[in-house]
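Heads up: the structure comes next, in structure tokens.
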Amino acid sequence: MEEVIDYSNTAFVAGLNEVQKIAVLEVEGPVLILAGAGSGKTRVITHRIAHLIRDRQVSPEAVLAVTFTNKASKEMLERVKHLIQEESRGLWVTTFHSMGAKILRKHPEALGFDKNFSIYGPSEQKTLVKAIMKDLNIDPKRYQVKTLLSYISNFKGDNIHPEEAHKEVNDQNIVKVYDKFQSSLKEANAMDFDDLQFHLLTLFEDHPEILEIYQERFEYILVDEYQDTNQIQYDLVKLLSKKHGNVCVVGDEDQSIYSWRGANIQNIINFTSDYSTPDQEVKRYELNINYRCPGNCLRAANLLISNNTQRTTDKQSMIPHKDDGDMLPYFLGFDGHDEARDVCRTILNLQDEGVNLSTAVILYRTHAQSRVMEQQFIREGIPYQIFGGHRFFERKEIKDVLAYLSLLHNAKDSEALYRIINVPARGIGAATLTKLRSFAENHRIPPLLALDGIDTVGAGVQKKLLGFYNFYLEFLDFFHENHSLVDLTRFLLEKTDYINYLRSKDEHERLENIDELINTMAEYEENEENPTLEGYLEKTALVAAIDGFEEDSGLVTMMTLHNAKGLEFDYVFMVGLEEELFPHANSLEDANLLEEERRLCYVGVTRTMKELYLSSARSRYIHGVEKYQVPSRFLREIGDEFIMKV
DNA sequence: TTACTGATCCTTTTT
DNA sequence: GGATCAGTAA
């Protein structure tokens with residue numbers, strides 16, 4: 001019989017409420033924590049990890065905590081470190097994607113990849129699909145690249161391999177593209193975001209001896225935002241937790257907002273039946289006290305979400321801890337500008353009262369709405385920062401420089417080569433590229449090597465290709481001399497004349513961005529224990545918009561509602577509350593999608609710590625045409641009881 | 001091959 | 001209102 005130790009007075013439950021305490025202390029077996037908005041979820045998770053390591057002497061190496069964004073994992077790790085005040089070496093607090101990259105790099109040969117595989121983001125995916133469509137003679141009028149990519153992503157998210165895909169769709173062109181897409185990625189020694197999870201699962205399924213290493217290692221597994229997991233993620237958690245069975249998932253079905261990218265809300269709803277065994281029932285804890293929102297705001301949110309019919313009936317609604325606060329002000333503007341003006345007015349008033357601008361956020365449904373806001377903020381001289389939209393690492397000049405570096409890291413990276421072989425212009429155009437592609441494919445060699453051997457082009461072109469190849473060899477030699485990332489980049493910018501190429505086109509902003517990129521490298525090299533090109537490229541590939549968010553910037557924040565999940569602000573402005581915008585036009589026909597829009601609205605409302613401002617416009621420019629808008633049904637659902645028209 | 005121009009399609013949300 | 005794309009002239 002094991003000695004029973006009473007942990008109920010551990011330092012890690014001080015200041016927690018009763019349910020939170022139990023949720024921290026119950027570490028054995030499968031545990032489901034239903035954590036409503038603002039219920040102290042992160043606190044419970046971090047205290048739980050601290051409790052495991054400090055009180056129960058669990059080795060940090062035996063703990064795996066998975067989140068959805070780098071920002072969340074970084075924060076969580078910092079909070080744990082702060083709590084335990086000791087070495088957290090070996091503790092994995094990571095996203096599903098980073099975990100995939102990390103494990104796959106340890107066992108690349110098992111799936112036929114090299115350790116130095118590249119990670120392809122959306123732009124590489126797009127160009128690759130385009131090339132494949134051309135190659136397979138698929139009519140670009142009949143198939144959108146975007147649609148094909150979403151099929152591919154869905155296949156991978158459901159763990160359907162190319163050879164099984166024909167059973168899933170009738171249209172065999174889609175299957176062919178998928179099949180070719182995967183084989184091209186492999187040729188290029190590259191994986192896209194989905195592959196980082198998809199291949200990881202394959203690795204585990206095909207190599208039980210590898211799976212066992214991790215099953216053995218991770219005695220305690222925690223998964224945050226479990227309501228947003230897809231099939232692959234479900235399978236990964238199931239496999240990894242099989243050995244020890246200590247799996248704790250945390251989530252809230254009312255905050256599930258990613259079904260469109262494959263998230264399956266059933267994962268959390270079925271957790272109890274799924275993980276209970278004859279000798280061990282799933283323990284279920286419900287955190288339903290909200291410490292974040294003013295009472296009225298929270299009750300409005302409760303009322304709103306009660307319109308969703310597909311909730312599991314046994315979940316209680318959230319109970320406010322704070323006082324009622326004021327009614328929710330609602331402003332109806334003539335148009336988007338009028339709405340933006342009102343937001344600015346309110347913010348200026350708050351500023352006069354001494355409010356720090358970083359405590360305010362503007363939340364909208366679509367990125368496109370940021371423009372009108374931005375214009376008004378500039379006019380009024382209110383400093384702001386926008387998240388999402390055009391992301392830094394998606395900019396052309398940044399991708400160009402990174403592509404040069406990728407080619408050093410992974411010589412098979414064909415997308416990187418095609419991207420920069422003619423940037424700056426070297427007289428190598430589309431026609432030559434097509435020849436290069438087919439030559440490389442026919443000879444089954446990476447296109448980079450084909451530069452040296454290609455015999456299907458004229459002598460002039462051949463000379464140009466060879467010129468680039470020689471530059472590459474020189475660059476590679478320089479790389480092997482162990483220069484820093486910053487020096488590597490300076491070298492390439494100089495040798496390729498990239499800077500002058502931008503200067504000649506008067507691209508000041510792009511030049512500044514390149515400087516900024518070099519700064520990120522310097523910063524990376526300074527902060528990282530063991531900085532490598534591989535590490536840097538991986539980091540830049542997997543950054544999310546929200547990762548750069550700083551709490552105390554002195555700026556008003558603008559972001560989409562999706563980006564706001566997991567954050568909280570004193571003053572929240574939810575704008576564009578109009579039918580066909582929010583709820584979005586594409587979601588009106590489908591009851592499931594509509595409920596997801598409502599959950600998104602619920603997420604927005606529950607970000608509020610002090611005051612929530614609602615607004616919409618009577619007319620709005622959409623795609624350049626003026627449209628008359630109807631106020632959102634969500635306003636009606638919140639009800640007059642809580643709303644005050646201003 | 002490049003650089004420019006006009007036509008066309010969009011746009012929901014993202015790791 | 002903008003990004004991307006196809007077509008055309010140099």
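Please read these numbers as outputs of a predicted model, since none were measured by experiment. A, B, ... follow the sequence lines: proteins, then strands. Residue 1 opens every chain.
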Practice problem: Please name the residue in the list A/R311, A/K565, A/R599 that meets the salt bridge (Lys or Arg N to Asp or Glu O under 4.0 Å) test with A/D254. | Solution: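 When salt bridge (Lys or Arg N to Asp or Glu O under 4.0 Å) is applied between A/D254 and each of A/R311, A/K565, A/R599, only A/R311 qualifies.
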Self-check item: With A/S587, the side chain to side chain donor-acceptor pair (under 3.5 Å) member among A/E595, A/E597, A/E596, A/R598
Solution: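 Testing A/S587 for a side chain to side chain donor-acceptor pair (under 3.5 Å) against A/E595, A/E597, A/E596, A/R598 leaves exactly one candidate, A/E597.
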Exercise. Assign A/Y258 to base, sugar-phosphate, or nothing according to its heavy-atom contacts below 4.0 angstrom with the strands shown.
Key: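 If one applies the 4.0 Å heavy-atom cut-off, A/Y258 turns out to touch the sugar-phosphate alone, with no base involved.
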Quiz item: Checking all strands, does A/L600 fall into the base, sugar-phosphate, or nothing category for heavy-atom contacts under 4.0 angstrom?
Solution: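 Nothing: the residue A/L600, judged by heavy atoms under 4.0 Å, touches no strand.
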Could you tell me how far apart [X] ([atom1]) and [N] ([atom2]) are, to the nearest whole angstrom?
X      : N      : atom1 : atom2 : answer
A/I257 : B/dT15 : CD1   : C1'   : 13 Å
A/E596 : B/dT14 : CD    : C1'   : 12 Å
A/H584 : B/dT11 : NE2   : C1'   : 7 Å
A/M99  : B/dT15 : CE    : C1'   : 13 Å
A/L567 : B/dT14 : CG    : C1'   : 15 Å
A/L594 : B/dT13 : CG    : P     : 18 Å
A/F393 : B/dT15 : CZ    : C1'   : 15 Å
A/R371 : C/dG2  : CZ    : C1'   : 9 Å

Within the pair [X] and [N], is there a side-chain N or O less than 4.0 Å away from OP1 or OP2?
X      : N      : result
A/T560 : B/dT14 : yes
A/N563 : B/dT14 : yes
A/Q369 : C/dG1  : no

Between [options], which one does the side chain of [X] approach most closely?
X      : options                : answer
A/K146 : C/dG1, B/dT11, B/dT2   : B/dT11
A/H97  : B/dT13, B/dT15, B/dT11 : B/dT15
A/Q144 : B/dT11, C/dC5, B/dT13  : B/dT11
A/K130 : B/dT2, C/dC5, B/dT13   : C/dC5
A/W260 : B/dT11, B/dT15, B/dT13 : B/dT13
A/N422 : B/dT11, B/dT15, B/dT2  : B/dT2
A/H367 : B/dT13, B/dT15, B/dT11 : B/dT13
A/R261 : B/dT14, B/dT2, B/dT13  : B/dT14

Exercise. Could you please spell out the steps behind the ring pair (Phe, Tyr, Trp, His ring centres under 6.0 Å) verdict for A/Y151 and A/Y178?
Key: CA-CA 8 Å; A/Y151 270 107; A/Y178 178 32; over 10 Å; no
Quiz item: Is a side-chain N or O of A/D413 found less than 3.5 angstrom from the main chain of A/S406, in a donor-acceptor match?
Solution: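 Such a contact is absent between A/D413 side chain and A/S406 backbone.
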Quiz item: How do A/G427 and A/L593 order along DNA chain B: which one's closest nucleotide is nearer the 5' end?
Solution: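 Looking at the nearest nucleotide for each, A/G427 comes out on the 5' side.
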Quiz item: Is the A/F468 ring parallel, tilted or perpendicular to the A/F471 ring (thresholds 30°, 60°)?
Solution: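 Ring orientation, 0 to 90° scale: tilted.
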Quiz item: Ion pair present between A/E124 and A/R419, side-chain N to carboxylate O less than 4.0 angstrom?
Solution: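 Answer for the salt bridge query: no.
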Quiz item: Does B/dT15 have A/F68 stacked on its base, where the ring centres are within less than 5.5 Å and the planes differ by under 30°?
Solution: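 A/F68 vs B/dT15: stacking no.
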